[in-house]
Amino acid sequence: MAEKTEGANKEVDSEDKVEGTENADITDLGPFEIVVGQQMPSIFFKFQFKNVEYSSGRNKTFLCYSVEQQGAECQKMEGYMEDEHSSTHAEEAFFTEVFKECNGSLKYSIIWHVSSSPCAACASKIAEYLKKCPNVHLTIFMARLFMWEEPEIQQGLRLLKAAGCRLRVMKAPEYNYCWSTYVENEGESFVPWEDLQTSSLAYEGILNEILQRA
């Protein structure tokens with residue numbers, strides 16, 4: 001799958017120069033791996049989940065997950081993943097690193113909060129998985145829409161919807177939930193940035209328009 005990058009040809013803004021570490025040379029990127037943990041540093045969340053239009057430097061995916069298993073006993077699992085310069089994206093790795101086995105006799109409710117929406121290849125693979133496992137119900141909350149102008153990206157989102165995946169844009173309540181659940185916040189409350197709600201509504205309008213197209 002192609003490397004997931006956003007705004008690759010856009011000028012890096014001053015915020016990214018201060019906060020971002022993604023603009024380093026490839027030799028400085030470190031190991032190629034999928035990182036799995038319980039909580040991420042707050043600076044990662046504030047940078048990677050910021051719902052800006054041009055996301056220079058945000059060239060990997062952070063995925064916060066919640067898995068509820070319903071059967072004889074109800075079990076819940078939570079954590080986060082990031083594709084640390086890996087060739088495998090976090091969405092695909094979730095089904096090999098975290099949710100490794102689907103028991104057909106149980107029902108699963110999975111919720112993702114992701115820094116950006118899936119690429120076309122990931123969307124197709126997720127849709128195929130959901131069709132094979134109808135007992136898995138997936139909801140994806142997205143901070144940003146990845147390259148949403150591209151026809152193949154739009155088609156991927158529609159494939160997910162057709163497969164039963166619920167697609168939503170993150171708003172203030174989701175940001176607060178992620179901050180309290182998946183972030184090393186040291187007891188601090190989440191402070192929304194300027195235009196968070198405006199950007200969320202703009203992305204929501206774009207997403208709804210994409211999903212309504214034939």
Side-chain angles (χ1 to χ4, degrees), residues 1-2 4-10 13 45-56 58-68 80-81 83 89-92 94-95 108-179 181-182 190 192-214:
M1 297 165 61
K4 191 170 185 177
T5 59
E6 297 186 52
N9 298 319
K10 300 295 181 181
D13 56 31
F45 181 78
K46 291 177 181 178
F47 180 73
Q48 296 290 348
F49 279 82
K50 195 165 187 178
N51 57 353
V52 290
E53 181 178 1
Y54 299 121
S55 49
S56 299
R58 298 168 174 87
N59 57 358
K60 57 181 178 178
T61 300
F62 277 70
L63 186 158
C64 303
Y65 61 85
S66 169
V67 180
E68 287 194 15
Y80 89 96
M81 308 176 63
D83 43 20
H89 293 168
E91 298 97 328
E92 182 180 359
F94 172 82
F95 295 102
Y108 300 91
S109 176
I110 300 176
I111 299 176
W112 290 353
H113 293 83
V114 294
S115 53
S116 65
S117 59
C119 67
C122 281
S124 178
K125 290 182 179 181
I126 296 167
E128 289 179 8
Y129 184 91
L130 294 177
K131 289 178 181 178
K132 292 178 181 177
C133 302
N135 57 319
V136 174
H137 301 280
L138 175 63
T139 301
I140 304 178
F141 286 94
M142 302 162 287
R144 302 184 303 277
L145 295 180
F146 170 66
M147 296 183 65
W148 57 266
E149 304 97 333
E150 300 297 328
E152 63 269 23
I153 297 295
Q154 297 182 10
Q155 181 60 23
L157 293 172
R158 289 192 286 269
L159 282 175
L160 286 172
K161 179 184 177 182
C165 180
R166 297 176 66 233
L167 298 171
R168 301 290 186 269
V169 171
M170 287 180 63
K171 296 180 180 177
E174 286 76 43
Y175 277 98
N176 279 300
Y177 171 76
C178 285
W179 178 262
T181 306
Y182 304 109
F190 175 67
W193 46 84
E194 186 179 2
D195 296 332
L196 182 153
Q197 190 68 3
T198 301
S199 296
S200 294
L201 292 174
Y203 274 130
E204 184 178 54
I206 294 170
L207 177 62
N208 289 338
E209 182 179 350
I210 291 172
L211 296 180
Q212 288 170 5
R213 294 175 189 167

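The figures here come from the full heavy-atom set of this structure, side chains too, leaving out hydrogens, waters and symmetry mates. Numbering starts at 1 and runs along the sequence shown.
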Student: Do Val67 and Phe94 come within less than 4.5 Å of each other through their side chains, counting heavy atoms only?
Tutor: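 Val67 reaches Phe94 side chain to side chain.
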Student: How far does CD1 of Ile140 sit from CD1 of Ile111, to the nearest 0.5 angstrom?
Tutor: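 Result: 11.5 Å between the selected atoms.
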Student: Once you round to the nearest 0.5 Å, how far does OG of Ser117 lie from CD1 of Ile210?
Tutor: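 Interatomic distance, Ser117 OG to Ile210 CD1, rounded to 0.5 Å: 8.0 Å.
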Student: For residues Arg144 and Ser116, is any side-chain donor paired with an opposing acceptor at under 3.5 Å?
Tutor: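 Side chains of Arg144 and Ser116: no pair found under 3.5 Å.
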Student: If every non-hydrogen atom of Cys119 is compared with every non-hydrogen atom of His89, which pair is closest and at what distance?
Tutor: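 Here Cys119 and His89 meet closest at SG-ND1, 3.5 Å.
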Student: Start with the C-alpha distance between Met142 and Leu207, add both sets of side-chain angles, then the distance that settles side-chain contact (heavy atoms from CB on, under 4.5 Å), and finish with yes or no.
Tutor: CA-CA 10 Å; Met142 302 162 287; Leu207 177 62; 3.7 Å; yes
Student: Would the distance check show the side chain of Thr61 and the main-chain N or O of Ala90 forming a donor-acceptor pair, the cut-off being under 3.5 Å?
Tutor: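 Between the backbone of Ala90 and the side chain of Thr61 there is no qualifying donor-acceptor contact (under 3.5 Å).
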Student: Nearest 0.5 Å, please: how far is SG in Cys133 from CZ in Phe95?
Tutor: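 Separation between the atoms: 8.5 Å.
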Student: For the side chain of Ser200 and the backbone of Leu196, is there at least one donor-acceptor N/O pair under 3.5 Å apart?
Tutor: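 Side chain of Ser200 to backbone of Leu196, a donor-acceptor pair under 3.5 Å: yes, one is there.
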Student: So, for Phe49 and Val114, which heavy atoms are closest and what is the spacing to 0.1 Å?
Tutor: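 Where Phe49 meets Val114 most closely, the heavy atoms are CE2-C, 3.5 Å.
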Student: For Trp193, enumerate each residue passing the ring pair (Phe, Tyr, Trp, His ring centres under 6.0 Å) test, keeping only those at least two apart in sequence or located in another chain.
Tutor: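 Listed in chain order: Tyr175, Phe190.
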Student: Does this structure show an ion pair linking Lys171 with Glu204, if we count only N-O contacts that are shorter than 4.0 Å?
Tutor: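 Yes, Lys171 and Glu204 are salt-bridged.
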Student: Can you give me the closest heavy-atom contact between Tyr203 and Ala143, atom names plus distance?
Tutor: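 Closest heavy-atom pair between Tyr203 and Ala143: CD1-O, 3.7 Å.
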Student: Where is the tightest heavy-atom contact between Lys60 and Asp83, given as atom of each residue plus distance?
Tutor: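 Answer, listing the atom of Lys60 first, then Asp83: CB-OD1, 3.2 Å.
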Student: Please name all residues satisfying ring pair (Phe, Tyr, Trp, His ring centres under 6.0 Å) with Tyr182, sequence neighbours left out, ordered by chain then number.
Tutor: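 Result, ring pair (Phe, Tyr, Trp, His ring centres under 6.0 Å) vs Tyr182: Tyr177.
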Student: Give, for atom CD of Gln154 and atom CG of Leu211, the distance between the pair rounded to the nearest 0.5 Å.
Tutor: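 That separation rounds to 9.5 Å.
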Student: Please give me the minimum heavy-atom distance between Ala123 and Pro118, naming the atom from each residue.
Tutor: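 For Ala123 and Pro118, the tightest heavy-atom pair comes out as N-CB, 4.1 Å.
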Student: Please enumerate all residues that pass side chain to side chain contact (heavy atoms under 4.5 Å, CB included) together with Glu209, with sequence neighbours excluded.
Tutor: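 Arg213.
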Student: Nearest 0.5 Å please: distance from the CG atom of Leu201 over to the CG atom of Asp195.
Tutor: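 Here the rounded value is 11.0 Å.
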Student: Can you measure from CH2 (Trp112) to CZ (Phe141) and round to the nearest 0.5 angstrom?
Tutor: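 That separation rounds to 14.0 Å.
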Student: Taking all non-hydrogen atoms of both residues into account, name the closest pair between Leu63 and Glu91 and its distance.
Tutor: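 Looking at all heavy atoms of both residues, the closest pair is CD1-CA, 3.9 Å.
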Student: If you apply the rule side-chain contact (heavy atoms from CB on, under 4.5 Å), what do you find for Cys165 with Leu130, and how did you get there?
Tutor: CA-CA 8 Å; Cys165 180; Leu130 294 177; 3.7 Å; yes
